[in-house]
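To start, I am sharing the structure in question, which I have written as structure tokens.
Source: prediction; values computed, not measured. All residue numbers in this chain count up from 1 along the given sequence.
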Amino acid sequence: MDSKIEIKVTNPKNGDKVVHSVRPGHATSPSPSSQPSQSSDGRRRRQGQGYGHGEGEGQRNRGREGQHAGRLIDFMPFKKWVPWMIPGFVLVNIFLFMITMYINNCPKNSKKCVGSFLGRFSFQPFKENPLLGPSSSTLEKMGALEVSKVVKSRQAWRMISCIWLHAGVFHILANMLSLLFIGIRLEQEFGFVRIGMLYLIAGFGGSILSSLFIQTGISVGASGALFGFLGSMLSELITNWTIYSNKFAALLTLVLVIVINLAMGILPHVDNFAHIGGFISGFLLGFVFLIRPQFGYVSQKKVPPGYIAPSRKPKHKTYQYVLWVCSLILLIAGFAIGLVLLLRGVNLNEHCSWCHYMSCIPTPLWSSKNRQVYCQSTEFGKSLNLTCISNGKSEIYPLTEENTSQVQQLCSKLCG
């Protein structure tokens, strides 16, 4: 960082003053003490690395003051945390994915599985799940976000549980690498409490916006929480603007990364509304959780005994307080309004004719329309006979305690 803080160092013995240039970002190395110590050659020296003068060497060391004035005091303004929570989150996500695959048990429920040598950990057919993962019915059992269950059955916990589940190997690999790359840096800078809360709240915000726009099928993944991290990094840069040296370069780089990631969300079968909701939540949370004190305030608390700080600085600037209050109000209001609309069963697509383009833009290579499939079902004892209306195919399945989403999945396979 280029900003500097001047600390006047006063020698109480001879009254000499030395002004040292302090560059933020370095650890303090000197440990001055007011008690003299005896050197090996019998001369008395004050403890400290050149910042005080011995009683018998005052005249000799006066010529060195110019050199001392140019030295930098190593100064660590902010605490560095040891990251453990983000690696723990990664392990939890991987563990839950393995449990999901174990429960899925593809050989028992499907005729053809990918990687059959893996036994019950083998994957559903590519036609059903191209991400190398479980069936949608298994994900629904594990706690995937399903709007009908949130609204009708009041299973609001799915809005949190869904961010710990993933649809396949490719899905979890991409998300976990991103989580390690972004999350570890944030945890080192701000600690596990703030980053853990940011992860959960941003993921919850992504689930709210996703539920208001995508009300068919299920949704899983940590993408909303990850985009919350990106949003918080942007707001952290804004609220702590004065401590950055290459401000505009950092801002342009971060904005470019965010735009590229959001642009990837317009591909089909990607829930970009969860990305957008998580990003907005994280952006507002960054002003609340990731605010830093001024360097002047931190430096005056770190000045060693005997050193005099130039002036007393407030902990935060006025604009930081304004952003903190406004963001907190917007966040609480947005969550409250979103939850009320969701629990009332409101579909925001009916009030916004163009919003669906934020999640998928149709091109000659793909269509953004969800193809609806319909089947006729008939029960015979403990068997369920499904007939696809579009192609006339029929299949008999063992009748279990199937719910609507499982029957719809069987119908999709039959008509696919």
Side-chain angles (χ1 to χ4, degrees), residues 1 24-28 74-99 160-166 169-207 220-241 243-246 249-251 253-258 260-261 274-275 278-279 281-293 295 298 301-302 320 324 327 331:
M1 305 299 176
H26 297 78
T28 304
D74 290 333
F75 179 58
M76 180 68 72
F78 304 121
K79 179 180 179 180
K80 286 288 185 179
W81 300 76
V82 177
W84 60 268
M85 184 193 65
I86 294 298
F89 280 1
V90 172
L91 293 178
V92 170
N93 278 276
I94 294 174
F95 180 69
L96 288 175
F97 180 73
M98 294 178 64
I99 291 179
I160 292 293
S161 62
C162 68
I163 68 178
W164 303 94
L165 303 174
H166 290 83
V169 173
F170 298 141
H171 189 202
I172 192 173
L173 182 62
N175 277 354
M176 294 304 101
L177 288 176
S178 300
L179 179 58
L180 287 173
F181 182 75
I182 301 173
I184 285 182
R185 177 258 173 188
L186 288 173
E187 187 179 355
Q188 286 176 332
E189 295 291 330
F190 299 99
F192 68 94
V193 175
R194 286 185 281 182
I195 299 305
M197 293 177 64
L198 196 154
Y199 183 89
L200 294 175
I201 298 175
F204 183 69
S207 297
V220 294
S223 301
L226 291 174
F227 272 82
F229 280 170
L230 289 176
S232 68
M233 290 173 67
L234 180 59
S235 56
E236 189 269 333
L237 176 61
I238 295 173
T239 192
N240 302 318
W241 185 256
I243 72 173
Y244 283 89
S245 57
N246 299 320
L251 178 62
T253 301
L254 183 56
V255 169
L256 181 62
V257 171
I258 292 170
I260 292 175
N261 280 274
H275 298 173
F279 176 82
S281 301
F283 181 73
L284 295 175
L285 286 167
F287 291 116
V288 178
F289 288 154
L290 308 187
I291 184 174
R292 287 189 185 276
F295 268 125
V298 177
K301 296 177 72 66
K302 298 291 185 179
Q320 290 178 310
W324 190 92
S327 299
L331 186 70

d(Leu165 CG, Ile99 CD1) to nearest 0.5 Å is 10.0 Å
Just verifying a value: how many Å separate Ile163 CD1 and Asn175 CG, rounded to the nearest 0.5 Å? 11.0 Å
Please report the interatomic distance CD1(Ile160) to CG(Leu200), rounded to the nearest 0.5 Å. 6.0 Å
For a 4.5 angstrom cut-off between non-hydrogen side-chain atoms, does Phe190 reach Glu236? yes
Using a 3.5 Å distance criterion without hydrogens, assess whether the side chain of Gln320 forms a donor-acceptor pair with backbone atoms of Ile291. no
Contact between Ile195 and Tyr199 at the side-chain level, heavy atoms closer than 4.5 Å - yes or no? no
Kindly assign one of parallel, tilted or perpendicular to the pair Phe89 and Trp164, based on the angle between their ring planes and the thresholds 30° and 60°. perpendicular
Reported CD1-to-CG distance for the pair Ile182 and Leu177, which is rounded to 0.5 angstrom: 11.0 Å
Just say parallel, tilted or perpendicular for the rings of Phe287 and Phe283, cut-offs at 30° and 60°. perpendicular
Identify the two heavy atoms, one from Ile184 and one from Pro83, that lie closest to each other, and give their separation to 0.1 Å. CG2-CG, 3.9 Å
Start with the C-alpha gap between Ile201 and Phe289, add the side-chain angles, then the distance that decides, and say whether side-chain contact (heavy atoms from CB on, under 4.5 Å) holds. CA-CA 12 Å; Ile201 298 175; Phe289 288 154; 4.3 Å; yes
Check whether any side-chain heavy atom of Leu331 lies under 4.5 Å from a side-chain heavy atom of Val288, and answer yes or no. no
Ignoring hydrogens and angles, tell me if any N or O in the side chain of Glu187 forms a donor-acceptor pair with the backbone of Trp84 under 3.5 Å. yes
Between the CE atom in Met176 and the CD1 atom in Ile94, the distance rounded to the nearest 0.5 Å is 7.5 Å
Does His275 offer a backbone N or O that forms a donor-acceptor pair with the side chain of Asn261 under 3.5 Å? no
Nearest-0.5 Å distance, CZ of residue Phe279 to OG of residue Ser235: 8.5 Å
Distance-only donor-acceptor pairs under 3.5 Å for side chains of residues 226-234, two or more places apart:
| from | atom 1 | to | atom 2 | distance (Å) |
| --- | --- | --- | --- | --- |
| Ser232 | OG | Gly228 | O | 3.4 |
| Ser232 | OG | Phe229 | O | 2.7 |

Quick check: do Leu186 and Leu198 have side-chain heavy atoms less than 4.5 Å from each other? no
Is Lys80 salt-bridged to Glu189, cutoff N-O under 4.0 Å? yes
